[in-house]
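To start, the structure under review is shown below, and the notes come after it.
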Protein chains: 2
Amino acid sequence: MTDIAPDRGRRQRRPTGDDRERAILATAERLLEERGLGDISVDDLARGAGISRPTFYFYFPSKEAGILTLLDRVAEEARAIRGRALERAGRDVPEIWRQGLVSILETFRQHQPLMLAVANMSSGNDEVRRLWGEIIDGFVADTVLGIDSELQRGVALEGIPARELAIALNWMTERVFHVALSGQEPAIAEHRALEVVLRIWSRAIYGDDGLGAGAGWSTLGG
Amino acid sequence: MTDIAPDRGRRQRRPTGDDRERAILATAERLLEERGLGDISVDDLARGAGISRPTFYFYFPSKEAGILTLLDRVAEEARAIRGRALERAGRDVPEIWRQGLVSILETFRQHQPLMLAVANMSSGNDEVRRLWGEIIDGFVADTVLGIDSELQRGVALEGIPARELAIALNWMTERVFHVALSGQEPAIAEHRALEVVLRIWSRAIYGDDGLGAGAGWSTLGG
DNA sequence: TGACATTGTCAACACTGTGTTGATAGGTTT
DNA sequence: AAACCTATCAACACAGTGTTGACAATGTCA
């Protein structure tokens with residue numbers, strides 16, 4: 001047993017054939033734009049990366065483990081996008097809501113096929129479900145902070161525990177963006193999804209639409 | 001009504017071996033309680049129903065088609081439950097919301113493993129996605145009627161088109177109940193899910209929690 | 001009642017995809 | 001140059017899908 005970190009679901013690797021690994025992941029994301037994960041074979045991924053099928057197994061123990069690694073990287077990127085967005089928002093809480101939602105939508109847009117594949121896998125694969133849950137949970141934690149802050153200022157409605165409210169709102173957001181982008185019916189048109197979701201957040205937290213029209217609003221500190 | 005309608009995805013059948021078909025479906029629902037659809041083979045289904053694998057194909061063209069038939073029947077049952085629930089609610093609109101949500105939760109509870117399998121399949125299988133979408137769309141249509149009625153009475157908030165609001169709320173409900181029952185994280189505890197969702201519906205439609213405490217409320221006609 | 005269609009059944013096959021083994025070639029270290 | 005990694009793949013064993021063709025059992029009506 002080496003002392004390399006137990007790198008979830010992916011075989012431990014050392015520097016060199018790193019290009020190959022990236023080639024495999026790039027192939028995966030490219031092929032996911034054409035068809036579902038179920039219609040992509042290990043052979044497709046291997047050939048796409050210029051290697052034979054058994055060699056694929058040198059890099060990943062399975063197709064799913066590859067997707068997991070991909071999701072890991074996208075999650076990293078998403079955190080970065082979100083971090084910048086929330087920084088832009090500063091202490092203006094409603095702007096935090098808007099920027100938070102924009103960053104989720106952005107990530108969905110940029111990796112739509114992967115997101116679909118992940119949604120697909122997440123009931124069959126514990127590891128993927130856990131990681132996806134962690135991502136959402138990060139959003140939920142941010143949301144709870146915002147709600148608590150608005151509760152303390154006396155501008156948010158009481159009556160629903162902040163975490164439960166945050167969980168429901170974030171799952172709503174995930175699902176609405178998902179159907180808007182995937183064409184699943186019934187869906188909200190893609191260009192309307194952000195506004196509708198934002199207004200519902202506003203009503204659920206404050207009891208009215210403050211955010212929709214860009215009206216001046218509560219700003220923390222100042 | 002003839003009894004040999006062009007029955008989506010399932011080979012047309014005439015009376016006799018009907019028991020076999022039901023045995024297959026019963027086996028499917030039973031096995032789904034133990035493991036995911038991906039881990040159930042056609043052979044498992046066939047043996048569970050006391051037939052050989054090729055004979056399975058006499059009844060259904062594939063595993064997925066079987067699940068589709070199952071979903072069809074559950075959808076039928078769900079409509080019946082919902083119909084009775086809404087009848088109980090009469091013209092008391094908030095009670096319509098509550099009863100509508102209760103009936104969704106009820107259906108989820110009674111067929112949880114099937115629901116998981118369906119959620120799993122629905123990104124890979126057009127037919128399942130369509131049928132699932134139709135079910136949700138039925139809920140959405142009911143919801144739109146309720147919102148319009150409350151708008152006309154002047155008690156609901158304007159600002160979000162009724163159908164868009166209804167779509168978002170119904171997908172939220174689907175997702176929140178799904179994670180609550182499946183143990184996916186982050187989730188709202190099963191015994192809290194109904195109340196939280198109901199309050200968010202209330203805030204999103206009216207701007208406050210009328211429904212939570214069981215307070216007396218708008219009753220249409222009467 | 002006996003020819004005939006219909007319904008139901010399955011052994012055996014062809015095929016696709018997965019994951020493993022064992023052999024091998026090149027590059028580093030010792 | 002021997003021991004040792006990293007990387008590679010042909011060949012294999014296996015699991016599951018879907019199809020074919022032959023065969024029984026059950027009407028059915030001439």
Side-chain angles (χ1 to χ4, degrees), chain A residues 1-4 7 9-28 31-32 34-69 117 120-121 124-125 127-128, chain B residues 2-5 7 9-28 31-32 34-69 117 120-121 124-125 127-128:
Chain A
M1 220 30 79
T2 60
D3 52 349
I4 307 281
D7 210 340
R10 153 162 56 107
R11 208 177 280 189
Q12 70 281 9
R13 297 252 11 282
R14 286 197 256 329
T16 8
D18 216 28
D19 323 346
R20 285 285 158 77
E21 182 170 320
R22 259 176 296 134
I24 291 171
L25 296 180
T27 303
L31 292 183
L32 280 174
E34 296 167 13
R35 44 201 210 269
L37 186 60
D39 294 331
I40 298 172
S41 70
V42 171
D43 201 49
D44 294 333
L45 296 176
R47 284 178 188 284
I51 56 178
S52 75
R53 202 170 56 80
T55 301
F56 172 93
Y57 289 103
F58 180 81
Y59 292 98
F60 298 101
S62 70
K63 211 165 51 171
E64 283 73 21
I67 298 300
L68 198 62
T69 301
N120 239 6
M121 283 172 65
N125 186 315
E127 207 51 38
V128 168
Chain B
T2 65
D3 46 355
I4 349 176
D7 213 340
R10 151 161 58 106
R11 209 175 278 186
Q12 72 282 7
R13 301 249 10 283
R14 287 201 256 328
T16 8
D18 215 29
D19 323 344
R20 284 287 155 78
E21 181 170 321
R22 261 176 296 132
I24 292 170
L25 296 179
T27 303
L31 291 183
L32 280 173
E34 296 166 13
R35 43 200 211 268
L37 186 61
D39 294 333
I40 298 171
S41 71
V42 172
D43 202 48
D44 293 333
L45 296 176
R47 284 178 188 286
I51 56 178
S52 75
R53 202 169 54 81
T55 301
F56 172 93
Y57 289 101
F58 179 82
Y59 293 97
F60 300 100
S62 70
K63 209 165 54 171
E64 283 72 21
I67 298 299
L68 198 63
T69 301
N120 243 2
M121 282 171 67
N125 186 312
E127 205 55 34
V128 169

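Residue numbers start from 1 in every chain, and the chains themselves are labelled A, B, ... in the order their sequence lines are given, proteins ahead of strands.
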Between Arg53(B) and Tyr57(B), is a side chain to side chain contact (heavy atoms under 4.5 Å, CB included) present by the stated rule, with each step listed? CA-CA 7 Å; Arg53(B) 202 169 54 81; Tyr57(B) 289 101; 4.0 Å; yes
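Rounded to whole angstrom, the span from the CD1 atom of Ile51(B) across to the C1' atom of dC10(C) amounts to 11 Å. Between the P atom of dG16(D) and the CG atom of Leu37(B) lies a distance of 13 Å, rounded to the nearest Å. The nearest whole Å value for the distance from the CZ atom in Phe58(B) to the C1' atom in dA25(D) is 13 Å. In this entry the distance linking CG of Leu45(B) with C1' of dG18(D) reads 15 Å, nearest Å. Spacing between atom CZ of Phe56(B) and atom P of dT19(D) amounts to 12 Å, rounded to whole angstrom units. To the nearest angstrom, C1' of dT7(C) lies 13 Å from CG of Asp18(B). Distance Arg47(B) CZ to dC10(C) C1': 11 Å, rounded to the nearest Å.
For CZ of Arg47(A), the number of neighbouring non-hydrogen atoms (other residues, nucleotides, ligands) closer than 6.0 Å is 12 at most.
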What N/O pairs connect the protein and nucleotides 16-19 of chain C at under 3.5 Å? Give each pair on its own line.
| from | atom 1 | to | atom 2 | distance (Å) |
| --- | --- | --- | --- | --- |
| dT18(C) | OP1 | Val42(A) | N | 3.2 |
| dT18(C) | OP2 | Val42(A) | N | 3.4 |
| dT18(C) | O4 | Arg53(A) | NH2 | 3.3 |
| dG19(C) | OP2 | Tyr57(A) | OH | 3.0 |
| dG19(C) | N7 | Arg53(A) | NH1 | 2.6 |
| dG19(C) | N7 | Arg53(A) | NH2 | 3.4 |
| dG19(C) | O6 | Arg53(A) | NH2 | 2.4 |

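Atom CG of residue Leu32(A) and atom CD1 of residue Ile67(A) lie 5.0 Å apart, to the nearest 0.5 angstrom. Put simply, CZ on Arg22(A) and OG1 on Thr69(A) are 13.5 Å apart, with the number rounded to the nearest 0.5 Å.
The backbone N or O of Ile40(B) sits less than 3.5 Å from a side-chain atom of Lys63(B), completing a donor-acceptor pair.
Here the rule is side chain to side chain contact (heavy atoms under 4.5 Å, CB included) with Phe56(A), and of Asp43(A), Asp44(A), Ile24(A) only Ile24(A) fits it.
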